[in-house]
2 protein chains.
Amino acid sequence: MRPLSNEAPPARRRRGSEQPTLKEVADAAGVSPITASRALNAPERVNAQTRARVLTAVERLGYVPNLAAGSLASARSRFIAVIVPSLANTVFIEVIQGLQETFEAQGYQILLGNTDYDIDREYQLIRTFLGWSCSALVTAGLRHSEACRTLLANWDKPIMEVMELGEALDLNVGLDHTEAGRCMARHLLERGHRRVLFVGARMSGDYRAAMRYAGHREVLEQAGCDAPLLELDPLGSLDAGAEGLECALAHREGISAIHFANDDLATGALLHAQRRGLSVPDDMAIAGFNGLPLGQHVTPRLTTIRSPRQHMGQLAAEEVIRRLESKRVLRRQHDVGFELLIGEST
Amino acid sequence: MRPLSNEAPPARRRRGSEQPTLKEVADAAGVSPITASRALNAPERVNAQTRARVLTAVERLGYVPNLAAGSLASARSRFIAVIVPSLANTVFIEVIQGLQETFEAQGYQILLGNTDYDIDREYQLIRTFLGWSCSALVTAGLRHSEACRTLLANWDKPIMEVMELGEALDLNVGLDHTEAGRCMARHLLERGHRRVLFVGARMSGDYRAAMRYAGHREVLEQAGCDAPLLELDPLGSLDAGAEGLECALAHREGISAIHFANDDLATGALLHAQRRGLSVPDDMAIAGFNGLPLGQHVTPRLTTIRSPRQHMGQLAAEEVIRRLESKRVLRRQHDVGFELLIGEST
DNA sequence: TACAACGATGATAGCGCTAACATGATAGCG
DNA sequence: CGCTATCATGTTAGCGCTATCATCGTTGTA
């Protein structure tokens, strides 16, 4: 056995972070650290003069709070985890803008994750984000992996699923994509189109487009028409739209209208028709989805469905904040609706 | 005086976080917490079998590491602060995409901040982000408030400024906007335009557009032409472009070409010209900046300048990562260049 | 055979902050 | 006047993790 030693343990030095700590601020202000902490985080709980002294000390020392320490001690952070499948799609950006605006105004910081339409990546991201003790989670869509559901089942913070409506984990703000598909199909039938091609891109990932197709198909089949589907590989882009139009023209078979899964595709087709000297809607009617400004600036204007994306983000954020501030739940689900914009393209 | 009391202090209970901790994982695996920590964060420093036992325990208990605790103990996080002036502008989104892709692949998480073109907001964001012990800061542009510079002066982590080139704080990846402005102006002169209107939007905020105007003006003045400027209020949008075109037509004064500050404005003008039955470039030549896909799909195709935005993000991220991994600095500054795309609009 | 070198693991002591409780002073009230 | 309520502040004890140094075999080397 080794001999026992009762000497004092050698002084160990940690990497000094250089940065002043709350304790130094407190010393400079002549108060205890907890009072300094309160002066910064709960000003109303501290005498105005004391608070002023603390703030002066903060200023003078250039103190920057260590948020990881605060988060550890209080078991919460002002992070909101936001998970979207893509940044390349304007639609998500606009929702994010709505979220960010509203959350930042309340002092929350968004932690943005991009799954790239990969459901396992979503699990990884959520796992990491939970590790930061986020105040809430906002995720685009209702589809999650089993692992993800298990992880979230034991989580007691608000979960907000945006974009579509359905059986949600907790809160839900979105619109009915199937109904949107039906709506456009009805419009096309009204315009006399009996054979309408639906053109989508990577619809296994973009399953909301698949939902719209389902609605579209339902209406057409009820009217005794069939509902051919063309699925392109690249995600919605102008080029892909042109390709979709070419395909439709090549195989024609009586197709008089194309219902595109989104405005990028539709506008791509419209501009391509223009270059090719085709008349829209006489040679081919074209419809989109999203209601992007671009579609309203081309000639003919694009018939499309506008969804209130930024508003969806705002509303989602507001609901989450309401939930964070009072446990009272007002409504779990909000349908933000959509609007059929009829242009001259159909 | 109060009587002394030697009783044991009453047991205090903290809010139990329910979540298993590293200690519980370690107990389950029959190792010490530090070994469990190493098994997760530095696998090569732990025996393969031990590591496997730890990972099994992690799995079984559904352990999620508390990242705030780790960050506090190690004085670092895998956060990268990214600050942009706007999310409404595709340009920044594409840079962010490049950054995110590259950083996420290396296990870094982006903390995204939006200044809304407000230089004080930038200071606030940076302050918050420093509080999270970020590994690096990426910010769009070289302009910062004094407070911001002071704050960053004492910060020893990599700082990357993207978008434009110039006197940078640390690392810098971007392009020369003044030269881009010159380049387009030269092209317009070559095409025989002697009176060219520059149309921008909110150029006090979008100072890179102002730099392009400066270059544009320099070239025109050297050629003995003047360089009128029209500044619109709303940020680059299709509508504003239409408005710019109308303005130019109303006040004409021999203007034969418009150099727009960006492609959104330019395309808006182009589409508006189409609606109005004007011929581009015969009635009015139109040029843009950015090289967005849209401009290449309209007829006539838009003359513009393409900047490698996503590549800029990737390159910036790579440089930062290189810097984080080895202190060795290779190059502080990278010019990613630009490319003049000549369409039929000029 | 002695000893440095290394590999695997552990004990200890914080990181910087805040929750929970405690204290003392002042105010309010019948 | 004694009692509780409220306010302003302080004391203590962690939050859950990792840096640092220590320990103990096992090798490799002279």
Side-chain angles (χ1 to χ4, degrees), chain A residues 1-3 5 7-27 29-51 53-54 63-78 130-133, chain B residues 1-3 5 7-27 29-51 53-54 58 63-77 130-133:
Chain A
M1 282 181 74
R2 292 170 300 115
S5 157
E7 304 164 60
R12 291 174 188 180
R13 193 110 318 138
R14 302 296 294 265
R15 71 248 147 286
S17 71
E18 327 262 313
Q19 292 295 327
T21 69
L22 190 61
K23 172 153 195 334
E24 292 167 54
V25 170
D27 289 347
V31 297
S32 71
I34 190 71
T35 300
S37 168
R38 284 196 274 250
L40 295 173
N41 301 319
E44 74 287 353
R45 296 190 48 195
V46 166
N47 178 290
Q49 287 170 34
T50 313
R51 183 163 68 240
R53 266 186 297 141
V54 172
Y63 169 70
V64 176
N66 183 324
L67 299 174
S71 176
L72 175 59
S74 66
R76 50 196 157 66
S77 73
R78 294 188 73 85
L130 294 196
W132 284 111
S133 314
Chain B
M1 281 183 77
R2 289 173 300 115
S5 157
E7 305 165 58
R12 290 175 189 182
R13 194 113 312 140
R14 301 295 295 263
R15 70 247 149 287
S17 70
E18 327 262 312
Q19 292 295 324
T21 69
L22 189 61
K23 173 154 195 331
E24 293 167 52
V25 171
D27 289 348
V31 296
S32 71
I34 190 71
T35 299
S37 168
R38 282 196 276 251
L40 295 172
N41 301 318
E44 75 288 353
R45 297 188 50 195
V46 166
N47 179 290
Q49 288 169 33
T50 314
R51 182 163 68 240
R53 264 186 298 139
V54 172
V58 163
Y63 170 71
V64 176
N66 182 324
L67 299 174
S71 176
L72 176 59
S74 66
R76 51 198 156 66
S77 73
L130 294 197
W132 284 112
S133 312

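All values below come from the heavy atoms of this structure, side chains included, with hydrogens, waters and symmetry mates left out. In the text below, chain A, chain B and the rest are named by the order of the sequence lines, each starting its count at 1.
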Starting from [atom2] on [N], measure out to [atom1] on [X] and report it in whole angstrom.
X        : N       : atom1 : atom2 : result
Arg38(B) : dC21(D) : CZ    : P     : 14 Å
Leu22(B) : dG16(D) : CG    : C1'   : 8 Å
Asp27(A) : dC17(C) : CG    : C1'   : 15 Å
Asn66(A) : dC17(D) : CG    : P     : 16 Å
Asn47(B) : dG7(C)  : CG    : P     : 13 Å
Lys23(B) : dC17(D) : NZ    : C1'   : 13 Å
Arg45(A) : dC7(D)  : CZ    : P     : 10 Å
Leu40(B) : dC17(D) : CG    : P     : 9 Å

Query - Over all atoms of both residues, closest heavy-atom pair of Ala39(A) and Val46(A) - result: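 Reported closest heavy-atom pair: N-CG2, 3.8 Å.
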
Report task. Check Val31(B) against Ala36(B) and note the closest heavy-atom contact, atom names and distance. Result ->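 Taking every non-hydrogen atom into account, CG2-N, 4.1 Å.
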
Query raised in the report: When you measure from the side chain of Ser77(A) to the backbone N and O of Trp132(A), does any donor-acceptor pair fall under 3.5 Å?
Result: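 Answer holds: yes.
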
Are the side chains of [X] and [Y] in touch, meaning some heavy atoms are under 4.5 Å apart?
X        : Y        : answer
Thr21(B) : Glu24(B) : yes
Leu67(A) : Ser71(A) : no
Leu22(B) : Pro65(B) : no

Phosphate contact ([N] OP1 or OP2) by [X] side-chain N/O below 4.0 Å:
X        : N       : answer
Arg76(B) : dA19(D) : yes
Thr50(B) : dT9(C)  : yes
Ser37(B) : dT18(D) : yes
Asn41(B) : dT18(D) : yes
Thr35(B) : dA8(C)  : no
Ser32(A) : dG10(D) : yes

Requested in this report: Under 4.0 Å between any heavy atoms, over every strand shown, what does Arg51(A) touch: base, sugar-phosphate, or nothing? Just pick one.
Outcome: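 Contact class for Arg51(A): none.
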
Report task. For Ser71(A), answer base if it contacts any base atom (sugar-phosphate contacts may also be present), sugar-phosphate if it contacts only those atoms, and nothing otherwise; contact means non-hydrogen atoms under 4.0 Å. Result ->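 If one applies the 4.0 Å heavy-atom cut-off, Ser71(A) turns out to touch nothing in the nucleic acid.
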
Selection from [options] that lies nearest to any side-chain heavy atom of [X]:
X        : options                   : answer
Ala69(A) : dG16(C), dG10(C), dT9(D)  : dG16(C)
Ala73(B) : dG14(C), dG10(C), dT18(C) : dG14(C)
Leu72(B) : dG16(C), dT9(D), dT20(D)  : dG16(C)

**Report entry** Complementary nucleotide for dC29(C) - Watson-Crick or wobble, under 3.5 Å
**Finding:**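 Per the H-bond distance test, dG2(D).
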
Report task. Under a 3.5 Å limit for both distances, which nucleotide forms a Watson-Crick or G-U wobble pair with dT26(D), could you say? Result ->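 Pairing partner, where one exists within any strand: dA5(C).
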
**Report entry** 5' precedence on DNA chain C between Leu67(A) and Gly30(B) (nearest-nucleotide basis)
**Finding:**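 In this pair, the answer is Gly30(B).
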
